[in-house]
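Written below as structure tokens is the structure these notes are about.
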Amino acid sequence: MSVMQQATSISSSGSGFLGQNTFFNTRYSSSTKELSIKVKTKNSGICKCVAATPPPPPPPNEKQQIAYKTNVSRNGNMAKLQAGYLFPEIARRRAAHMLKYPDANVIRLGIGDTTEPIPEFITSAMAKRAHELSTLEGYSGYGAEQGEKQLRAKIASTYYGGLGIEENDIFVSDGAKCDISRLQLLFGSNVTMAVQDPSYPAYVDSSVIMGQTGQFQTDVEKYGNIEYMRCTPENGFFPDLSKVSRTDVIFFCSPNNPTGSAATREQLTRLVQFAKKNGSIIVYDSAYGMYMTDDNPRSIFEIPGAKEVSMYMMNLFVFLLYFFLNFSILISKGLL
Ligand SMILES: Cc1ncc(COP(=O)(O)O)c(C=O)c1O
């Protein structure tokens, strides 16, 4: 993997927004093999990034036996993952780089982390509810599997009132990443999947772990049996669907992480028509939908007919951005 490829694969899958905004401005020099990143900050300037460690080793041969201390076999698909989950790998490389260059001014393009304390009105409500659980009157056993009825009703009426979404269509969960993995369990290993390229890494990694993919192909830096839908400035960060092969599942993230690009109503209409024609399911990840200020749809359910072919994930940590509190909702009109 070249320095350029490393830089691209890290930034293209990270949680920074690199696309249609002017916050970052990256430039690669093939002669010096350095990536310059211009960042708008108070002390705006250019910093030079170089890869900190050599590329990870190639995946083990399928027939290669790994010696375990017990006779319990493991999920062989895990070995296909290149370096474990991307974000710990970015953190490892950053730590290694800092060790080597302690004075380096490193811009973190890895996992987004929280930075501010949780507001008092939230923690006090949580503390109050926790305390109630230690009283006879306030104690309740297991909660409802789908999430508190009242909460689901409130989410349905507050956010999806006009879209025909009802409380029973909503599943409140502990996070979108967990939902992605649980959906993969539901689909099983025999489905094919398409993903935007670049995209948030959890779709591909969960697909690999489920055994839906082939091995990682180092020459093209892609897994076999995944349909990568290229999204570049040239195509307006929306895939050319005439070149996309049919798959069972289409993971689609809008606004996209990492490009930041949000699909238009017309583009989403084409995507829904494409899924309908192919009998596919769209898993629509709208983790950053609440940031949108333009007229593009926040939910794919705004597109006529989308409910017949789509599931929708929204991450409610957006309300609480920068605070460490997160839950997500999964909405499906009978597709689960
Ligand atoms: C596009 C996208 N989907 C899902 C997630 C994961 O969300 P959660 O923290 O709810 O697991 C993230 C987090 O960065 C994300 O960027």
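Everything numeric here is computed off the predicted structure, so don't read it as measured data. Ligands are counted one by one from 1 in listed order, and the atoms in each one are counted from 1 as well.
- When heavy-atom distances to ligand 1 are checked against a 4.0 Å cut-off, Ala176 comes that close through both its backbone and its side chain.
- Using a 3.5 Å distance cut-off with no hydrogens or angles, the side chains of Thr192 and Asp248 do pair a donor with an acceptor.
- Pairing each heavy atom of Gln267 with each of Ala263, the nearest pair is OE1-CA, 3.3 Å.
- Note on ring orientation: taking the six-membered ring where Trp is involved, the planes of His97 and Tyr101 are tilted (angle from 30° to 60°).
- For Gln212 against Ser207, the heavy-atom pair with the smallest separation is OE1-OG, 2.7 Å.
- Distances from atom 16 (O) of ligand 1 to the heavy atoms of Tyr288, Phe251, Tyr203 put Tyr288 nearest.
- Polar contact with ligand 1: present for Asn257 (N/O pair, distance under 3.5 Å).
- In summary, Asp197 and Lys222 engage in a salt bridge, as defined by a charged side-chain N under 4.0 Å from a carboxylate O.
- Using a cut-off of 4.0 Å between Lys/Arg side-chain N and Asp/Glu carboxylate O, Asp205 and Lys177 are scored as not salt-bridged.
- For ligand 1, none of its N or O atoms has an N or O atom of Cys178 under 3.5 Å away.
- Annotation for ligand 1: atoms under 4.0 Å from non-hydrogen atoms of Gly175 are 10 (O), 11 (O).
- For ligand 1, the atoms closer than 4.0 angstrom to any heavy atom of Cys253 are 1 (C).
- Close contacts of ligand 1 with Lys177, meaning ligand atoms under 4.0 Å from a residue heavy atom, involve 6 (C), 7 (O), 8 (P), 11 (O).
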